[in-house]
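Each remark here refers to the structure printed beneath this line.
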Amino acid sequence: MPRRDDIETAFRQAIVMEPSGRRTVTTENFVAALLRFNWDWNLIQANQWIKSYTHNWRDASTQEGENKTWHTFNPNGGL
């Protein structure tokens with residue numbers, strides 16, 4: 001049975017550190033991490049959670065669609 005606390009853990013596991021030091025997350029990687037915790041979300045649900053529960057992440061997508069690329073704009077802040 002999935003636990004609500006696992007959503008934040010899955011988000012943290014989906015974070016990728018780029019060589020430039022920027023932290024990025026794609027919606028697709030977040031959904032894949034959620035599946036490991038038995039959360040079966042689609043891309044729209046994952047994007048809504050990121051918009052609602054993270055404050056220092058900005059949409060930096062270069063393509064259309066729901067598979068967005070998010071990056072931190074204040075790396076010294078919280079989640």
Side-chain angles (χ1 to χ4, degrees):
M1 181 166 176
R3 297 179 305 178
R4 202 161 276 288
D5 293 344
D6 293 335
I7 298 170
E8 186 175 328
T9 303
F11 183 79
R12 290 183 187 276
Q13 288 182 0
I15 295 172
V16 174
M17 183 71 83
E18 293 182 353
S20 65
R22 179 189 298 179
R23 290 182 256 164
T24 62
V25 172
T26 63
T27 308
E28 189 174 68
N29 288 346
F30 180 38
V31 169
L34 284 167
L35 278 173
R36 292 192 294 267
F37 289 99
N38 296 322
W39 284 98
D40 188 16
W41 281 6
N42 59 35
L43 296 175
I44 294 170
Q45 290 171 304
N47 284 326
Q48 288 173 345
W49 186 89
I50 293 170
K51 287 178 193 175
S52 298
Y53 292 98
T54 63
H55 304 289
N56 297 325
W57 292 81
R58 178 180 300 173
D59 181 7
S61 302
T62 57
Q63 75 272 1
E64 298 276 331
E66 291 301 322
N67 186 21
K68 300 193 180 298
T69 302
W70 301 85
H71 69 85
T72 54
F73 66 91
N74 182 5
N76 296 323
L79 180 67

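The figures here come from the full heavy-atom set of this structure, side chains too, leaving out hydrogens, waters and symmetry mates.
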[X] side, atom [atom1]; [Y] side, atom [atom2] - distance, nearest 0.5 Å:
X   : Y   : atom1 : atom2 : result
H55 : F73 : NE2   : CZ    : 10.0 Å
N29 : L34 : CG    : CG    : 11.0 Å
T72 : M17 : OG1   : CE    : 8.0 Å

Sequence neighbours excluded, every pair satisfying salt bridge (charged side-chain N to carboxylate O under 4.0 Å, His left out) that has a member inside residues 33-53: none
Whichever hydrophobic residues join L43 through chains of side-chain contacts under 4.5 Å: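 Hydrophobic cluster check, L43: joined to V31.
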For [X], all residues meeting side chain to side chain donor-acceptor pair (under 3.5 Å), sequence neighbours excluded:
X   : result
D59 : S61
T24 : none
N47 : T27, E66, W70

Main-chain N/O of T9 paired with D6 side-chain donor or acceptor, under 3.5 Å: no
Exceeds 12 heavy-atom contacts within 6.0 angstrom, atom CD of E64: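 No, not enclosed.
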Greater than 12 external heavy atoms within 6.0 Å of E28's CD: no
Contacts of type side-chain contact (heavy atoms from CB on, under 4.5 Å), residue T62, not counting sequence neighbours: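 Not a single residue meets the side-chain contact (heavy atoms from CB on, under 4.5 Å) criterion with T62.
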Any residue meeting side-chain contact (heavy atoms from CB on, under 4.5 Å) with D5, in chain and number order, not counting sequence neighbours: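 side-chain contact (heavy atoms from CB on, under 4.5 Å) check on D5 returns nothing, list empty.
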Plane angle bin for W49 and F30 - parallel if under 30°, tilted between 30 and 60°, otherwise perpendicular: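 Because their plane-to-plane angle lies in the 30° to 60° range, the rings of F30 and W49 count as tilted.
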Side-chain heavy atoms of F37 within contact of R3, under 4.5 Å: no
Hydrophobic cluster membership, Y53 vs W57, 4.5 Å side-chain cutoff: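 Yes, same cluster.
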Smallest separation among heavy atoms of A33 and A14, with atom names: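 Closest pair (atom of A33, atom of A14, distance): CB-CB, 4.4 Å.
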